Undergrad: 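Dumping the structure here so I can ask a few things about it.
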Amino acid sequence: MAWGIMPGQEGIWKRLQRELERGRPAPAYLFSGPEGVGKRLLAERWSAALLCAQEGSGAPCGECRSCRLLAAGGHPHFHLLQPEREGSLGLAAIRRLAEELWRSAPGYQVAVLDHAEALTLEAQNAMLKLLEEPPPRTCQVLLTARPEALLSTVRSRCREIKFGPLPRRVVIAWLEERGYSVEEAMGLAALAGGSLTRAASLCQERVREWRERALELLLQPRLHRLLSWEEVKDRELAETILDFCAFWVRDLLLYQLTQNRQELLNRDREETFWEEVQLAPEYLLAAGELLQRARQWLRSRVRPAACLEGLVVGLMEERRNNGGAGGRNPLPQGG
Ligand SMILES: [Zn+2]
């Protein structure tokens, strides 16, 4: 088997490869960048290359005993740490890792810490010791989408490698492989912002439904729908809904200005839809501000459902004031 490279991240791999060819890999790396852009994939490839018995090629051979052990998930010198779902990475895990790394072993030992932002403060301090005096012939790779959650002393001990969002064509190809039409894939990829994690979550039926409800919220903000926002218990979902609303607002304004669907994020929506929606630009601009306000509430720990309810009330008022005189709504009435 071969350890792949996420298309679009070849440049980062070349850089790592050069370090290996010169025989100078750093004892610690920090792979930082958004979720779903191939950090873990590259960390696994990098681990395989460090552990591979075939030296000099700068890439894992895929055939030696070490490569086979790693592929089978049983390499004794490869340590993968990751938090349990929504959990943290504690001191005990780092202490165990330190013991393993200090146990002398022939060849390299590699540790990959996925979601390093989940390290508790105690664990980060223990990690710092390990980074300050790394055991010989070891490489520790920390992966995170939130480098700011790490102590600056931890960060400064690692060679940081920054991952950017994936090119849109990569996300489109990934979605097409999963059976989406080109048009749908282009629309979803635009919303995914270069992250496969986000693209995957957009594919879930439930999330698609929230995108529709975000639209409905803008077109027909109604009090008797308030109760249904009570379902929104977690902050992340509320953020997603606000994102969706913001994307709709952006697109509706943009379409009014340019009548061009190419630059739209929700471009998977048929052309007639864009022509039919007629919301006054004043309303859309006010909606943008209301969305900002709802976001601030969310950050200041207001209950997610309450943030959305506040948004609905604000939108209703704006809709009354400058709602789109003579405008038509492509949504079915009633409900
Ligand atoms: Zn090998």
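Keep in mind that what you see is a predicted model, and the values were worked out from it rather than measured. Order of listing sets the numbers, starting from 1, for every ligand and every atom in it.
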Undergrad: Tell me whether the rings of F244 and F247 are parallel (<30°), tilted (30 to 60°) or perpendicular (>60°).
TA: perpendicular

Undergrad: Check whether more than 12 heavy atoms from other residues, nucleotides or ligands sit under 6.0 Å from atom CD of E122, and answer yes or no.
TA: no

Undergrad: In terms of the angle between their ring planes, are W13 and W46 parallel, tilted or perpendicular, with boundaries placed at 30° and 60°?
TA: perpendicular

Undergrad: For Y180, does the six-membered ring have the charged nitrogen or CZ of R178 within the cation-pi criterion, i.e. under 6.0 angstrom from the centroid and within 45° of the normal?
TA: no

Undergrad: Among side-chain atoms of R40 and Q82, is any donor-acceptor pair under 3.5 angstrom?
TA: yes

Undergrad: Check E35 with R198, please: is the shortest side-chain N to carboxylate O separation under 4.0 Å?
TA: no

Undergrad: Please give me the protein atoms (N, O or S only) lying under 2.8 Å from the Zn ion (ligand 1), ordered by chain and number.
TA: C52 SG, C61 SG, C64 SG, C67 SG

